[in-house]
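If you're wondering where the values come from, they're calculated on a predicted model, not measured in any experiment. Numbers here are sequence positions counted from 1.
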Amino acid sequence: MMLIALFLFAAHVFNTNADDAYLPPYIEACEFSNENLEQCIKEQIEKSLPEFTKGIPELDVPSTDPVHLDDINIDGNGLKLTFTKALMHGLKGSHLKEFKLKFDGDHGNFKLAFISNMSLTAEYEADGKLLILQIKGKGDALINCVNVDVEIESKLNQVKDNNGKDHLKLGTPSYKYKIEKTTFDLKNLFNGNKELADTTLQFANENWQQLMDDLAPPAIKQIVKTVVKAINKFFASVTTQQIIKGYSP
Ligand SMILES: *[C@@H]1O[C@H](CO)[C@@H](O)[C@H](O)[C@H]1NC(C)=O
């Protein structure tokens, strides 16, 4: 989502080099020499986020809304809970909270914080005890997360491709997150017994924090990984000079 940040450095308007890769029109260049590089990129991220999350097929950049999640398996404290075919929606509506970049032309650090309302759709299977209540069922799941606040920090490096051209590359990110509130809707609990299902769902929603302690870490980890991968795909397809005007290593 937001790491997207970095690619915003774009600027193909000034490119006359026929070798240069395609750049989408919503990505404009920032000036390397300009002391406002950080601010310029921040504005670019805010502006192009909704488009970037759709992916850029011309550059092999995958869509990040929705993010396909690997299966999530929770098995402990007397509860077996799995989510399969999970999709996380909502990155395109993210609000940029903070963006920091230090880049000396060779190495850099960046920090990106954003807030989104995200929803997860999946197929779930549950069997066991949710704290004090029995839970059993299998069906569709819809999980709404309000104000998911994600902060990502990473190194930004300069690398050369096989042709000696410069590209940016994000290192392995570190991240943290906060979630304001989560609501669960699990269809077909207890084989459709409405009374049991309502009681259990209400209980789950009152105790959402405990459930999310297990559920959120694997989901957020994959979201961060997917976003960094999408940005690095973008960086691998365009040269540094294409997105930062006046850059020289
Ligand atoms: C998320 O939804 C809540 C309530 O619907 C709203 O107040 C908030 O501004 C939304 N947050 C974002 C990041 O869109």
I need the minimum non-hydrogen distance between [X] and [Y], along with the two atoms involved.
X      : Y      : result
Thr200 : Phe190 : OG1-CE1, 3.3 Å
Glu31  : Leu37  : O-CD1, 3.5 Å
Asn117 : Asn147 : OD1-N, 2.7 Å
Val146 : Ile179 : O-CG2, 4.0 Å
His167 : Asp161 : NE2-OD2, 2.8 Å
Pro173 : Val224 : CG-CG1, 3.7 Å

Side chain of [X], backbone of [Y]: donor and acceptor closer than 3.5 Å?
X      : Y      : value
Asp65  : Leu91  : yes
Ser119 : Asn144 : no
Asn232 : Leu170 : yes
Thr239 : Gln242 : yes
Asn163 : Lys165 : no
Asn36  : Cys40  : no

I'd like to check [X] versus [Y] (side-chain heavy atoms, cut-off strictly below 4.5 Å). Are they in contact?
X      : Y      : answer
Leu112 : Glu98  : no
Gln134 : Lys129 : yes
Leu59  : Tyr22  : yes
Ile135 : Leu81  : no
Ile45  : Phe114 : no
Trp208 : Ile143 : no
Ser116 : Val150 : no
Leu87  : His68  : yes

Q) Is there a side chain to side chain contact (heavy atoms under 4.5 Å, CB included) between Tyr177 and Ile223 once you walk through the steps? A) CA-CA 11 Å; Tyr177 69 92; Ile223 290 168; over 6 Å; no
Could you measure the distance from the [atom1] atom of [X] to the [atom2] atom of [Y]? Nearest 0.5 Å is fine.
X      : Y      : atom1 : atom2 : answer
Glu153 : Lys100 : CD    : NZ    : 9.0 Å
Tyr247 : Cys30  : OH    : SG    : 15.0 Å
Gln210 : Asn77  : CD    : CG    : 10.0 Å
Ile115 : Asp149 : CD1   : CG    : 4.5 Å
Leu130 : Leu211 : CG    : CG    : 5.0 Å
Ile220 : Cys145 : CD1   : SG    : 7.5 Å

Can you establish whether the number of heavy atoms outside [X] located under 6.0 Å from its atom [atom1] is more than 12?
X      : atom1 : value
Glu195 : CD    : no
Lys181 : NZ    : yes
Lys233 : NZ    : no
Lys160 : NZ    : yes

**Q.** Charged N-O contact under 4.0 Å between Asp198 and Lys194
**A.** yes
Q. Is the closest basic N to carboxylate O distance between Lys187 and Asp185 below 4.0 Å?
A. yes
Q) According to the interplanar angle, ranging from 0 to 90°, do the rings of Phe52 and Phe234 count as parallel (below 30°), tilted (30 to 60°) or perpendicular (above 60°)? A)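 Because their plane-to-plane angle is over 60°, the rings of Phe52 and Phe234 count as perpendicular.
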Q: Go through the steps to decide whether Lys155 and His107 satisfy the test side chain to side chain contact (heavy atoms under 4.5 Å, CB included), and finish with yes or no.
A: CA-CA 7 Å; Lys155 297 256 181 255; His107 297 290; over 6 Å; no
**Q.** Derivation of the side chain to side chain contact (heavy atoms under 4.5 Å, CB included) call for Met212 and Phe184
**A.** CA-CA 10 Å; Met212 288 306 274; Phe184 299 91; 3.9 Å; yes
Q. Do you know which of Asp214, Asp75, Asp127 makes salt bridge (Lys or Arg N to Asp or Glu O under 4.0 Å) with Lys80?
A. Asp75
Q | No-hydrogen, no-angle side-chain donor-acceptor test under 3.5 Å, Asp166 and Gln241 | A | yes
Q) Same hydrophobic cluster for Val159 and Phe235, using side-chain heavy-atom links shorter than 4.5 Å among ILVMFWY? A) no
**Q.** Chi angles and distances behind the side chain to side chain contact (heavy atoms under 4.5 Å, CB included) call for Asp140, Asn188
**A.** CA-CA 8 Å; Asp140 292 334; Asn188 198 40; over 6 Å; no
